[in-house]
Participant: 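Quick one: this structure, given as structure tokens, is what I'll be asking you about.
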Protein chains: 2
Amino acid sequence: MATIRDVAKLAGVSVATVSRVINQSGYVNKQTEDKILESMHQLQYTPNTLARGLANKKTDSIALIIPNITNPFFPELVQAVEDAASRYGYTLLLGNSYNSEENALQYVQIFKNRFVDGVLIFASHQFDSKDVSEIDKIEIPTVVIDKALDNNQIFSAKNRNFTGATMAVEHLQSIGCKHIAHIRGPEKLYPARERFRGYHDTLQKTGEFRSSYVEQGDFSMESGLAATMRLLDKHPEIDGIFAANDLMAAGSLKALQRKGKKVPDEVALIGYDGIHLLEMFEPEISTIAIPIYDIGNAAVSVLIDQINGKESRFGIHSNIMDEFDVQLIQRASTIKTK
Amino acid sequence: MATIRDVAKLAGVSVATVSRVINQSGYVNKQTEDKILESMHQLQYTPNTLARGLANKKTDSIALIIPNITNPFFPELVQAVEDAASRYGYTLLLGNSYNSEENALQYVQIFKNRFVDGVLIFASHQFDSKDVSEIDKIEIPTVVIDKALDNNQIFSAKNRNFTGATMAVEHLQSIGCKHIAHIRGPEKLYPARERFRGYHDTLQKTGEFRSSYVEQGDFSMESGLAATMRLLDKHPEIDGIFAANDLMAAGSLKALQRKGKKVPDEVALIGYDGIHLLEMFEPEISTIAIPIYDIGNAAVSVLIDQINGKESRFGIHSNIMDEFDVQLIQRASTIKTK
DNA sequence: CTGAAAGCGCTTACAG
DNA sequence: CTGAAAGCGCTTACAG
């Protein structure tokens with residue numbers, strides 16, 4: 001592997017000059033530059049980013065820590081973040097925390113220690129303000145994309161949970177559903193609470209809210225299936241289900257089909273998140289789509305501002321991100337055929 | 001951020017000694033060690049891996065390059081590789097090549113240049129021997145996990161495609177299917193060819209092979225759906241479908257349901273790969289499971305041997321990996337109810 | 001058992 | 001416009 005010294009020797013200049021052409025910094029004679037470029041090419045030289053990082057304190061790489069790569073939401077987020085990062089000239093490194101805040105914190109340390117200029121964390125449930133201060137201590141530019149916590153201190157992808165839930169319920173009403181059930185997420189999660197509130201308030205207005213139409217899930221497919229089974233047993237009259245996320249909606253569909261309910265004519269179904277998975281089913285399932293792409297992009301952009309010192313150098317950026325509209329995506333599961 | 005120098009000063013020793021306790025190398029007096037440990041703790045010192053890598057030429061990290069994070073097969077592979085890597089004390093970094101061999105090669109270069117000790121590449125379709133020699137030139141320990149290419153030079157996860165396909169067809173026969181169709185993958189892909197061959201040879205034996213029972217797909221869900229539509233139009237008598245991968249099986253189920261075919265009683269269905277996605281459907285879809293976990297583990301272990309110089313220092317390890325048995329996973333899509 | 005010193009491959013004031 | 005030299009934070013022979 002050729003080093004900057006080899007290039008300098010071949011070109012008959014000093015390493016400083018070579019460094020200048022690599023970084024396009026300072027002045028360098030055109031002929032000298034050509035000679036250096038030629039030598040670099042000849043030696044197939046590529047700078048060692050490790051050494052560069054040491055000298056520079058900068059590696060042009062950022063890390064994204066996700067809670068669970070096998071949850072289909074995250075690959076889609078990864079894609080968005082990766083696109084944005086590469087547009088800014090950053091390489092994206094990934095870490096998978098398996099839903100453990102301890103692992104996530106460890107990854108922040110690892111990445112910080114190793115090479116990255118900043119880190120993006122998608123908060124898993126357990127993130128709380130203690131963790132936030134832990135991260136603060138690590139002193140690396142960090143942006144937490146947060147679905148899980150109601151904390152204004154954090155750059156928060158609130159994605160208008162309340163509004164979206166309202167849209168979902170009103171959509172079910174608009175296609176004629178009279179008995180709308182809800183499979184909610186865990187009490188401790190902010191989006192779950194907000195989505196429930198959207199459901200509750202909308203039905204309350206018309207006096208149709210019934211607490212036994214609400215079943216508890218944990219955002220997993222299995223819980224959506226089980227919740228739907230319970231709902232159907234208790235309330236065979238149910239003709240619409242709003243699941244608080246897409247994975248539970250998938251489970252719900254499975255339960256409905258297993259029970260022989262026709263979707264959407266007997267029971268209409270809608271999820272929340274907008275992952276592509278829902279297009280795989282027959283019928284395809286409607287959803288309230290979070291603008292994952294925009295969120296990923298905004299998170300990267302905020303992080304990079306922080307890295308470049310446009311914001312406080314270290315710690316967690318505190319910016320509310322409630323600016324992205326969710327969108328109703330109507331598919332066959334809410335298009336009545338009769 | 002504290003450096004080794006700060007620790008040395010606080011403990012009243014030289015940096016060399018501190019380095020020794022960090023690396024547990026050479027002898028150091030117990031008292032001295034305690035004093036140093038104490039100082040490290042007090043300063044919250046963690047070694048800078050960048051500097052360490054520079055001095056060491058080693059960072060205890062490896063990279064995995066996957067073709068497409070949004071294909072559910074890969075998150076499962078990532079999980080397996082990550083587990084194995086962490087068991088060996090390595091951190092895993094991920095890169096996503098979007099099915100482009102150019103991107104993959106670039107990632108190898110980036111990772112090499114930046115920090116990793118070795119790289120694992122899951123070959124996307126386009127990998128050929130030219131790419132292999134490109135990688136060879138980069139001179140970094142590399143293991144290619146290869147589904148796509150019939151090349152003995154490469155550590156190849158052949159996963160017994162032929163055997164698995166035979167198992168799938170025989171399974172369909174054993175539950176009474178008489179008209180078994182196949183949705184095959186692209187001609188240029190080795191596993192697609194092998195799976196087709198397994199299908200072909202098995203039916204040929206009993207004289208049941210009919211070429212019009214074979215439809216072409218490209219391993220995507222959409223293609224599985226379209227292929228099934230064509231099959232059903234041409235041959236309403238079909239009562240069993242073997243899809244060459246799970247994604248196409250998912251698409252096939254969607255088509256069958258759309259056409260009102262009862263699965264499995266009218267048409268039984270089986271996929272190939274063993275990703276968890278297939279459990280989400282109603283009915284759950286049977287499959288031939290590749291031992292993703294074992295493959296990930298073996299790939300990591302081979303790579304680490306290579307890093308440690310137990311194998312040729314650089315380039316691509318040439319080891320055939322055809323040692324892992326595939327496994328039939330029978331689910332509702334092949335359990336006749338009457 | 002411990003320290004001084006060179007070196008890993010780069011960058012960046014500072015002189016010239 | 002260019003080079004010598006110090007420095008980034010570590011490791012590792014080499015002496016002692």
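Protein chains get the first letters and strands the later ones, always in sequence-line order, with residue 1 at the start of each.
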Participant: Going by side-chain hydrogen bond (donor to acceptor under 3.5 Å, both in side chains), name the residues that satisfy it together with A:Ser39, two or more places apart in sequence or in a different chain.
Facilitator: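 A:Ser39 satisfies side-chain hydrogen bond (donor to acceptor under 3.5 Å, both in side chains) with no residue once adjacent residues are dropped.
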Participant: Determine the stems involving DNA chain D; a stem requires 3 or more consecutive pairs of the Watson-Crick or G-U wobble kind, each with both distances below 3.5 Å, and the answer is none if no such run exists.
Facilitator: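 C:1-3 with D:14-16, C:5-12 with D:5-12, C:14-16 with D:1-3 - these are the stems of 3 or more pairs that involve DNA chain D.
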Participant: Sequence neighbours left out, what passes side-chain hydrogen bond (donor to acceptor under 3.5 Å, both in side chains) with B:Thr32? Give chain and number order.
Facilitator: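 By the side-chain hydrogen bond (donor to acceptor under 3.5 Å, both in side chains) rule, B:Thr32 matches no residue at all.
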Participant: Which heavy atom of A:Ile140 sits nearest to which heavy atom of A:Asp117, and what is that distance?
Facilitator: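 Minimum heavy-atom separation between A:Ile140 and A:Asp117: CG1-O, 4.0 Å.
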Participant: Taking only residues two or more places apart in sequence or in another chain, which ones pass side-chain hydrogen bond (donor to acceptor under 3.5 Å, both in side chains) with B:Ser14?
Facilitator: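 B:Thr17.
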Participant: Not counting sequence neighbours, which residues clear side chain to side chain contact (heavy atoms under 4.5 Å, CB included) with A:Asn96? List them please.
Facilitator: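 Checked A:Asn96 against side chain to side chain contact (heavy atoms under 4.5 Å, CB included); matches are A:Ile66, A:Ile69, A:Tyr98, B:Glu82.
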Participant: So, does A:Asp6 use its side chain to make a donor-acceptor pair with the main chain of A:Thr3 at under 3.5 Å?
Facilitator: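 The answer is yes, because a donor-acceptor pair under 3.5 Å joins these two groups.
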Participant: Both A:Arg20 and A:Ala2 contact DNA chain C. Which one's nearest nucleotide lies toward the 5' end?
Facilitator: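 The residue whose closest nucleotide sits nearer the 5' end is A:Ala2.
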Participant: With sequence neighbours left out, what residues match B:Asn68 under side-chain hydrogen bond (donor to acceptor under 3.5 Å, both in side chains)?
Facilitator: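 side-chain hydrogen bond (donor to acceptor under 3.5 Å, both in side chains) check on B:Asn68 returns B:Thr70.
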Participant: How would you give the extent of chain A contacts on DNA chain C, as first and last nucleotide 5' to 3' within a 4.0 Å heavy-atom cut-off?
Facilitator: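 On DNA chain C, the outermost contacted nucleotides are C:dG9 to C:dA13.
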Participant: By the 4.0 Å heavy-atom rule, please label B:Ser25 as base, sugar-phosphate, or nothing.
Facilitator: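 Nothing, no heavy atom under 4.0 Å.
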Participant: Residues in salt bridge (charged side-chain N to carboxylate O under 4.0 Å, His left out) with A:Asp34, at least two apart?
Facilitator: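 Scan of A:Asp34 (salt bridge (charged side-chain N to carboxylate O under 4.0 Å, His left out), adjacent residues dropped) gives A:Lys30.
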Participant: Which residues within residues 35-43 of chain A lie with some heavy atom under 4.0 Å of an atom in DNA chain D?
Facilitator: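 Heavy-atom cutoff 4.0 Å gives no residues at all.
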Participant: Give me the atom names and distance for the closest heavy-atom approach of B:Leu92 to B:Ala85.
Facilitator: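 It is CB-CB, 4.5 Å.
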Participant: Enumerate donor-acceptor pairs with a distance under 3.5 Å from any side-chain N or O in residues 71-79 of chain A to protein atoms, sequence neighbours excluded.
Facilitator:
from	atom 1	to	atom 2	distance (Å)
A:Asn71	OD1	A:Phe73	N	2.9
A:Glu76	OE2	A:His276	N	2.8

Participant: Taking ring pair (Phe, Tyr, Trp, His ring centres under 6.0 Å) as the definition, give me every residue that meets it alongside A:Tyr90, ordered by chain and number, with sequence neighbours left out.
Facilitator: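 Expected list: none.
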Participant: Do any of residues 10-19 of chain A sit with a heavy atom less than 4.0 Å from DNA chain C, and if so which?
Facilitator: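 Within this stretch, A:Ala16, A:Ser19 sit under 4.0 Å of the strand.
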Participant: Would you say the side chain of B:Ile307 lies within less than 4.5 Å of the side chain of B:Ile62, judging by non-hydrogen atoms?
Facilitator: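 They are in contact (side-chain heavy atoms under 4.5 Å apart), so the answer is yes.
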Participant: So with a 6.0 Å cut-off around NZ of B:Lys35, is the heavy-atom count from everything else above 12?
Facilitator: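 Yes - once you tally the heavy atoms of other residues, nucleotides and ligands closer than 6.0 Å, there are more than 12.
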